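Here's the structure we're looking at; comments come further down.
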Amino acid sequence: SAKDIKHKISFLLQKPEPQTADQKPVKEKTAAAAKRAPAAAEVGRWKESFSHVMSSETGRTVFTSFLRSEFSEENMDFWVACEDYKKIAPSKLATRAKQIYQQYVDADAPNEVNLDAATREETKQNVESACPSCFNEAQKMIYTLMEKDSYRRFLNSKLIQDLCQTQTTNSQEKKEKKNCDCAENRQVLTGGA
């Protein structure tokens, strides 16, 4: 049921996340997104393309839950950190670039993402002269990795199957309720007979 799905998602979101002093707490956003069950149309769009998952806050939350179950949530965390990085004030770029690099890109980083040596080295050079685009290549590589690898498993995962099943069940329940309401209305109109 929808309640079970919400419970599963909120349970998966309870894992504490390491944060630097500078990071915004992501839990507030993800908890709010997890509380609302996605509409059938939204889940349908997620199944159409990975870009639909990534452009939806709820989609990213559900996909992050899936990544967490595969012990690869650092990919989404890195991607989101890169998106946030592009929006910060120029005066804070250098400090934040070093934090992101140390958290996700550096060899032996606590949440190291899977980058090839050339991209890792290019990113290291870019961080030296921090600009809003210094993580673009690394971010693109992680996006492609999630799209080609994790996303395919996500589509076949129990999490998505349960969401699709919930949506089917909910729409059936609505139809049944509507049919019951119509039957009650007919009884009222015919004098209770």
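Small disclaimer: the values here were computed from a predicted structure and weren't measured.
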Item checked: Partner set under salt bridge (charged side-chain N to carboxylate O under 4.0 Å, His left out) for Asp149, not counting sequence neighbours ->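 For Asp149, the residues satisfying salt bridge (charged side-chain N to carboxylate O under 4.0 Å, His left out) (neighbours in sequence not counted) are Arg153.
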Next item on the list: Can you sort out the partners of Lys140 under salt bridge (charged side-chain N to carboxylate O under 4.0 Å, His left out), two or more places apart, ordered by chain and number?
Entry: Glu137
Next item on the list: Please step through side chain to side chain contact (heavy atoms under 4.5 Å, CB included) for the pair Cys164 and Val43, ending with a clear verdict.
Entry: CA-CA 7 Å; Cys164 290; Val43 175; 3.7 Å; yes
Item checked: Mutual orientation of the aromatic rings belonging to Trp46 and Phe154 [parallel < 30°, tilted 30-60°, perpendicular > 60°] -> tilted
What pair of heavy atoms forms the shortest contact from [X] to [Y], and how long is it?
X	Y	value
Ser56	Gly59	OG-N, 2.9 Å
Tyr85	Ala130	OH-CB, 3.6 Å
Leu159	Val62	CD2-O, 3.6 Å
Asn114	Ile142	O-CD1, 3.7 Å
Ile100	Ala81	CD1-O, 3.7 Å
Leu93	Pro132	CD1-CD, 3.7 Å

Next item on the list: Side-chain contact test, heavy atoms from C-beta onward, threshold under 4.5 Å: evaluate it for Leu67 versus Met146 and give yes or no.
Entry: yes
Margin query: Quick check: do Cys134 and Thr123 have side-chain heavy atoms less than 4.5 Å from each other?
Written below: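 Answer no - side chains too far apart.
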Check: Applying salt bridge (charged side-chain N to carboxylate O under 4.0 Å, His left out), which residue pairs with at least one partner in residues 117-128 are found, sequence neighbours left out?
Finding: Glu112-Arg120
Kindly write out the residues that satisfy side chain to side chain contact (heavy atoms under 4.5 Å, CB included) with [X], not counting sequence neighbours, or none if the list is empty.
X	value
Lys98	Val127
Ser55	none
Asp106	Tyr101, Ala109
Asp116	Ala118, Thr119, Met141

Item checked: With Ser51 via side chain to side chain donor-acceptor pair (under 3.5 Å) - residues at least two apart ->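 Ser49.
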Next item on the list: Quick one: do Met54 and Trp79 satisfy side chain to side chain contact (heavy atoms under 4.5 Å, CB included)? Show the steps, please.
Entry: CA-CA 10 Å; Met54 296 300 280; Trp79 187 87; 3.4 Å; yes
Output the distance between atom [atom1] ([X]) and atom [atom2] ([Y]), rounded to the nearest 0.5 Å.
X	Y	atom1	atom2	value
Arg45	His52	CZ	NE2	7.5 Å
Gln139	Thr144	CD	OG1	10.5 Å
Asn136	Cys131	CG	SG	7.5 Å

Check: By ring-ring contact (aromatic ring centres under 6.0 Å, His included), which residues pair with Phe50, not counting sequence neighbours?
Finding: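 With neighbours one apart ignored, the set is Phe63, Tyr143, Tyr151.
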Checklist line | Selection residues 113-134 - residue pairs positive for ring pair (Phe, Tyr, Trp, His ring centres under 6.0 Å), sequence neighbours left out | finding: none
Notebook entry, point to check: Should Tyr104 and Phe135 be marked as a side chain to side chain contact (heavy atoms under 4.5 Å, CB included) after you check the CA-CA gap, both sets of side-chain angles, and the distance that decides it?
Noted result: CA-CA 11 Å; Tyr104 301 104; Phe135 291 104; over 6 Å; no
